Amino acid sequence: MPSIAIVGTQWGDEGKGKITDYLAEEADMVVRFQGGNNAGHTIKVNDETFKLHLLPSGILREGKLAVIGNGVVINMAEMIGEMDQITKSGRKLDGLRISDRAHLIMGYHKKLDGAEEIYRGDKTVGTTKKGIGPSYQDKIARSGFRVCDLFEDDALSEKIKFNVPYKKDLLKMLQGEQCECTEESLMEKFTSWRNIFGKYVCDTSVLLNDALDSGKTVLFEGAQGVMLDVDHGTYPYVTSSNTSSGGMCTGSGVAPNRIGKIFGCLKAYTTRVGEGPLVTELYGEEGKYLMEKGGEFGVTTGRGRRCGWLDLVVAEHSVRLCGITSLAVTKLDVLNEYRKINVCTGYEIDGKTVKHFPASLSKLGRAVPVYEEFDGWDDWDSSEKLASEGYAALPQNMRKYIEFIEKQLKVPAEIISIGPKRSETIDRR
């Protein structure tokens with residue numbers, strides 16, 4: 001198969017990092033194609049835990065290329081910290097490649113992110129304040145810094161002279177924290193980044209297409225989830241990039257006809273961070289229990305995630321938009337020992353049952369979930385042992401739950417995750 005893509009079918013935090021790491025064993029390259037360090041993947045390798053925000057998960061696999069595509073916005077300081085985390089573990093960075101077309105996140109982007117959120121008053125969108133949105137704004141406004149600019153002093157100087165006074169005026173207008181940067185300090189910073197990252201920079205579109213031409217397997221790793229897609233998610237409570245499989249093409253420079261298998265990572269229940277609708281949300285002690293049982297705290301922000309029952313209206317939306325061919329169902333073990341488990345199969349809105357996810361926030365605010373109830377299942381002694389015994393060894397009620405999801409979405413669940421480790425995975429391919 002020429003390529004494999006992984007997308008999150010919910011609001012992110014579905015366990016894509018683990019699934020990417022698992023599938024990376026059979027890939028030659030792993031590619032990040034959108035987002036920035038507002039996303040976070042937690043990967044457990046034996047007794048080591050890695051929290052990555054920018055580096056592709058494939059960086060943990062020896063002999064693989066880990067590619068940051070043109071659709072990513074890069075916080076260079078953050079990436080230096082992640083690179084240190086990798087090298088301190090005894091691993092090498094030889095496989096890192098960075099697109100010369102990727103955009104950079106600057107210090108003033110972070111300040112603007114915070115200032116804009118305050119300026120919204122009680123209409124905040126729940127930004128992580130990492131500068132992602134303002135960086136994408138500059139990209140669309142054609143005034144952003146790209147990685148290739150690091151190697152062109154004249155282009156750098158011209159952009160710096162425009163951006164420094166402009167951003168300071170903008171921060172002043174928003175009554176935000178002022179940026180202390182100067183033309184000289186920015187040029188110095190860019191020069192240091194050139195020295196650190198220069199050897200990793202290339203035209204990654206050429207790299208990826210050459211690899212596919214030669215029969216190599218390329219794994220595309222999405223960040224966040226489809227419900228945060230700027231076009232198809234719960235706008236305006238979304239991120240600033242296209243998180244669906246279509247974003248893989250624009251964010252990496254690979255044509256749609258080169259996409260092979262598309263895995264949709266589906267958490268066995270639903271979570272989201274920050275503001276916006278969550279139709280199946282559980283409140284009070286019930287929501288708190290699921291949050292704590294699932295360890296639902298943001299890798300990037302540390303914020304507790306809002307939790308609810310599995311929403312198949314959301315999942316159907318993602319399957320249709322992304323052309324998902326296989327599911328990777330994750331965190332099923334978190335539902336162990338629940339006596340009853342609910343699955344949402346539709347919304348009741350104004351007296352009508354709706355099966356497709358609406359664009360209107362007001363409709364979502366009036367939506368009441370339509371549930372089907374399932375019997376729960378007991379815990380087990382060892383997830384590694386159970387995984388080694390295969391799908392048939394899973395509790396019968398868990399298999400009924402999985403098979404109901406498959407039937408409703410018309411997509412096979414080919415990977416089943418019952419724990420955070422690589423060894424706690426059942427591969428049904």
Side-chain angles (χ1 to χ4, degrees), residues 1-7 16 20 23-24 26-37 39 52 54-59 61 63-76 79 93-105 132 135-136 138-140 142-152 155-156 159 193-194 197-224 229-231 239-263 322-323:
M1 184 166 294
S3 62
I4 305 170
I6 299 173
V7 294
K16 295 182 299 299
T20 301
L23 291 173
E26 60 200 62
D28 299 292
M29 298 181 178
V30 181
V31 187
R32 266 285 303 272
F33 58 84
Q34 49 76 219
N37 60 311
L52 302 178
L54 280 165
L55 291 176
S57 301
I59 201 74
R61 292 279 189 177
K64 313 290 183 184
L65 290 187
V67 181
I68 296 177
N70 57 276
V72 178
V73 287
I74 305 173
N75 180 319
M76 290 297 199
M79 193 151 71
L93 293 164
D94 296 349
L96 178 62
R97 299 291 183 272
I98 302 169
S99 171
D100 53 7
R101 289 175 169 83
H103 277 249
L104 303 179
I105 298 172
I132 310 299
S135 179
Y136 276 117
D138 277 3
K139 177 178 180 176
I140 300 304
R142 295 160 292 184
S143 61
F145 291 99
R146 298 194 297 170
V147 172
C148 61
D149 293 334
L150 297 179
F151 308 95
E152 301 286 345
L156 266 181
K159 286 187 177 182
W193 290 345
R194 176 195 303 166
F197 296 103
K199 63 182 178 181
Y200 304 116
V201 175
C202 67
D203 186 334
T204 53
S205 172
V206 173
L207 178 74
L208 296 174
N209 281 281
D210 284 350
L212 291 169
D213 287 343
S214 62
K216 292 183 177 179
T217 301
V218 179
L219 177 61
F220 295 89
E221 171 187 8
Q224 299 145 319
D229 187 282
V230 69
D231 286 302
T239 193
S240 301
S241 60
N242 288 112
T243 56
S244 59
S245 58
M248 183 186 83
C249 300
T250 56
S252 66
V254 169
N257 64 349
R258 310 212 74 164
I259 304 173
K261 197 163 204 170
I262 302 176
F263 270 96
C322 295

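Every heavy atom of this structure was used, including side-chain atoms; hydrogens, water molecules and symmetry mates were not. A quick note: this is a predicted structure, and the numbers were derived from the prediction, not measured. Quick note: residue numbers are just sequence positions, from 1.
- Under the 3.5 Å distance criterion, the side-chain polar atoms of K16 are matched with a main-chain donor or acceptor of Q224.
- The closest donor-acceptor contact from the side chain of S135 to the backbone of L104 lies under 3.5 Å.
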Please table the atom pairs, donor to acceptor, closer than 3.5 Å between any side-chain atom in residues 145-152 and protein atoms at least two apart or in another chain.
{"from": "D149", "atom 1": "OD2", "to": "R146", "atom 2": "N", "distance (Å)": "2.9"}
{"from": "D149", "atom 1": "OD2", "to": "K159", "atom 2": "NZ", "distance (Å)": "2.7"}

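- Remark: the backbone N or O of R258 is paired with a side-chain donor or acceptor of S3 at under 3.5 angstrom.
- Considering only residues two or more places apart in sequence or on other chains, R194 meets the side chain to side chain donor-acceptor pair (under 3.5 Å) condition with D153.
- Counting only distance, with no hydrogens or angles, the side chain of N242 and the backbone of S244 share no donor-acceptor pair below 3.5 Å.
- Here S241 pairs with Q34 under the side chain to side chain donor-acceptor pair (under 3.5 Å) rule; sequence neighbours left out.
- To the nearest 0.5 angstrom, I74 atom CD1 is 5.0 Å from I68 atom CD1.
- In this structure a side-chain-to-backbone donor-acceptor pair under 3.5 Å is present from N209 to G253.
- In this structure R101 satisfies the salt bridge (Lys or Arg N to Asp or Glu O under 4.0 Å) test together with D203, sequence neighbours excluded.
- If you take CD1 on I6 and CZ on F220, they are separated by 11.5 Å, rounding to the nearest 0.5 Å.
- Applying the salt bridge (charged side-chain N to carboxylate O under 4.0 Å, His left out) test to residues at least two apart or on different chains, none of the pairs has a partner in residues 63-76.
- A donor-acceptor distance shorter than 3.5 angstrom exists from the side chain of T243 to the backbone of D229, with no hydrogens or angles considered.
- A distance of 7.5 Å separates CG of N70 from OG1 of T250, quoted to the nearest 0.5 Å.
- Annotation: the span from I98 atom CD1 to K199 atom NZ amounts to 11.0 Å, rounded to 0.5 Å.
- Distance alone, capped at 3.5 Å, places no donor-acceptor pair between the Y200 side chain and the V67 backbone.
- Judged as a side-chain contact (heavy atoms from CB on, under 4.5 Å), and not counting sequence neighbours, the contacts of D138 are Y108, H109, S143, N163, K167.
- To the nearest 0.5 Å, the span separating CZ on F197 from CG on D100 amounts to 15.0 Å.
- A donor-acceptor pair under 3.5 Å is absent between the side-chain atoms of S99 and the main chain of G69, judged by distance alone.
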